[in-house]
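Notes follow the structure.
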Amino acid sequence: MSRIAFAPTRTRVLAVGAALLIAAVVTGGASAAGNGASGHTPREAAALTGTAKLYRPAGDDITFSFDAHLAAKDNMDPEAAYGTFTFKHVFPNGTSGWAKAKVDCLVTGGKVAVVTGVVTDSNTPFKGKRVGVTVNDLGKHDRLGYSWIGKDADTQELPKCVSSAPFEKVKEGTGDFKVLPWQPVYEQPKG
């Protein structure tokens with residue numbers, strides 16, 4: 001008898017709980033679908049973040065770190081990107097070269113990102129120059145490329161958002177690059 005007596009109460013509690021859950025989901029969904037006025041913040045337009053070491057069997061220690069972003073409001077202007085990236089190369093003999101760049105352009109497509117920036121601080125000849133880096137976010141097998149390859153790398157004038165193919169392998173266990181794909185919005189032709 002006591003089981004039957006509790007059944008209607010349990011049913012009412014479950015029904016009220018389900019109704020509250022449905023109301024919360026519907027209300028939350030309405031807020032998420034709305035514009036900024038309802039408290040919803042749109043995702044940023046693009047991003048490249050993370051740190052990894054390059055694979056070098058000869059013992060070189062080469063590390064790249066990225067904190068590059070493109071705000072949602074600047075979706076159609078990759079040159080409005082902001083943030084920094086750094087790279088450091090420690091040679092087996094202990095000498096090293098490093099640089100920190102201020103981001104001036106970021107374009108991503110799928111899991112590939114191209115970022116450029118002007119080197120603001122460095123112990124290399126890169127100081128004051130624009131450099132570019134390409135990242136392919138492949139999970140545990142990320143790849144990376146950079147603009148300072150070739151015999152004319154010291155004299156080149158690199159445009160914004162230009163780099164090379166991601167020809168370098170990331171050292172196993174170190175890759176945590178994250179690429180947020182850019183989703184440009186193009187206007188439809190009128191008429």
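The model shown is predicted, which means the values in this text are computed figures rather than measured ones.
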(request) Is it possible for you to say whether Leu48 and Ile62 belong to one hydrophobic cluster, with membership spreading through side-chain heavy-atom contacts below 4.5 Å? (result) yes
(message) Using 0.5 Å steps for rounding, measure from the CZ atom of Phe177 to the CG atom of Asp142.
(response) 6.0 Å
(message) Given 3.5 Å as the limit, does a donor-acceptor pair link the side chain of Thr108 with the main chain of Leu180, or not?
(response) yes
(request) Tell me whether Phe126 is reachable from Val115 by hopping between hydrophobic residues (I, L, V, M, F, W, Y) whose side-chain heavy atoms are closer than 4.5 Å. (result) yes
(message) Between the side chains of Asp104 and Arg130, is the shortest nitrogen-to-carboxylate-oxygen separation below 4.0 Å, so that they form an ion pair?
(response) yes
(request) Verify, without hydrogens or angle tests, whether Arg143 (side chain) and Pro166 (backbone) share a donor-acceptor contact under 3.5 angstrom. (result) yes
(request) Check whether any side-chain N or O of Ser163 sits under 3.5 Å from a backbone N or O of Gly132 as a donor-acceptor pair, and report yes or no. (result) yes
(message) To check you understand the geometry: which heavy-atom pair defines the closest contact between Ala45 and Ala71, and what is its length?
(response) CB-O, 3.6 Å
Can I get a per-line list of side-chain donor-acceptor pairs under 3.5 Å for residues 72-83, giving both atom names and the distance, sequence neighbours left out?
unit_1 : atom_1 : unit_2 : atom_2 : d
Asn75  : OD1    : Trp182 : NE1    : 3.1
Asn75  : ND2    : Gln183 : O      : 3.1
Asp77  : OD1    : Glu79  : N      : 3.3

(request) For Val162 and Ser147, work out which heavy atoms get closest and say how close. (result) O-CB, 4.5 Å
Residues 86-94 side chain polar contacts: donor-acceptor under 3.5 Å, at least two apart:
unit_1 : atom_1 : unit_2 : atom_2 : d
His89  : NE2    : Asp60  : OD2    : 2.6
Asn93  : OD1    : Thr95  : N      : 2.9
Asn93  : OD1    : Thr95  : OG1    : 2.8

(message) Per the disulfide bond (SG atoms under 2.5 Å apart) rule, what does the pair list look like for residues 153-182, sequence neighbours excluded?
(response) Cys105-Cys161
(message) Hydrophobic clusters here meaning ILVMFWY residues chained together by side-chain heavy-atom distances under 4.5 Å, can you tell me if Phe167 and Tyr55 are in one?
(response) no
(message) Test of understanding: clusters of I, L, V, M, F, W, Y form through side-chain heavy atoms closer than 4.5 Å, transitively. Do Leu158 and Ile149 belong to the same one?
(response) no
(request) List the atom of Tyr146, the atom of Glu168, and the distance in Å for their closest heavy-atom pair. (result) OH-OE2, 2.5 Å
(request) Please lay out, stage by stage, how Val103 and Thr116 fare under the test side-chain contact (heavy atoms from CB on, under 4.5 Å). (result) CA-CA 6 Å; Val103 171; Thr116 55; over 6 Å; no
(request) Answer yes when Lys178 and Asp137 have at least one side-chain N-carboxylate O distance shorter than 4.0 Å, and no when they do not. (result) no
(request) Identify the two heavy atoms, one from Leu106 and one from Leu70, that lie closest to each other, and give their separation to 0.1 Å. (result) CD2-N, 4.2 Å
(message) Please tell me whether Val131 and Leu54 are part of a single hydrophobic cluster in this structure, the criterion being side-chain heavy atoms less than 4.5 Å apart.
(response) yes
(request) Could you pull out the closest heavy-atom pair between Thr51 and Ser65, with the gap in Å? (result) OG1-OG, 2.8 Å
(request) Could you walk me through whether Thr63 and Asp61 pass the side-chain contact (heavy atoms from CB on, under 4.5 Å) test, one step at a time? (result) CA-CA 7 Å; Thr63 304; Asp61 183 353; 3.4 Å; yes
(request) Using modelled atom types only, decide if a donor and an acceptor are shared between the side chain of Asn123 and the backbone of Trp98 within a distance under 3.5 Å. (result) yes
(message) Can you tell me how far apart CG (Asn136) and CG (Leu144) are? Round to the nearest 0.5 Å.
(response) 10.0 Å
(request) Evaluate the side-chain proximity of Thr84 to Phe66: yes if any heavy-atom separation is below 4.5 Å, no if none is. (result) no
(request) Kindly indicate, with the supporting measurements, whether the criterion side-chain contact (heavy atoms from CB on, under 4.5 Å) is fulfilled by Glu172 and Lys140. (result) CA-CA 7 Å; Glu172 190 171 336; Lys140 296 181 179 189; over 6 Å; no
(message) Counting the benzene-type ring for Trp, do Phe64 and Phe85 have ring centres under 6.0 Å apart?
(response) no
(message) Before you tell me yes or no, could you show the steps for Lys129 and Val119 under side-chain contact (heavy atoms from CB on, under 4.5 Å), namely the whole-Å CA-CA distance, both residues' side-chain angles and the distance that decides it to 0.1 Å?
(response) CA-CA 6 Å; Lys129 290 187 173 189; Val119 176; 5.6 Å; no
(message) Please check: side-chain N/O of Thr120 versus main-chain N/O of Lys100, any donor-acceptor pairing under 3.5 Å?
(response) yes
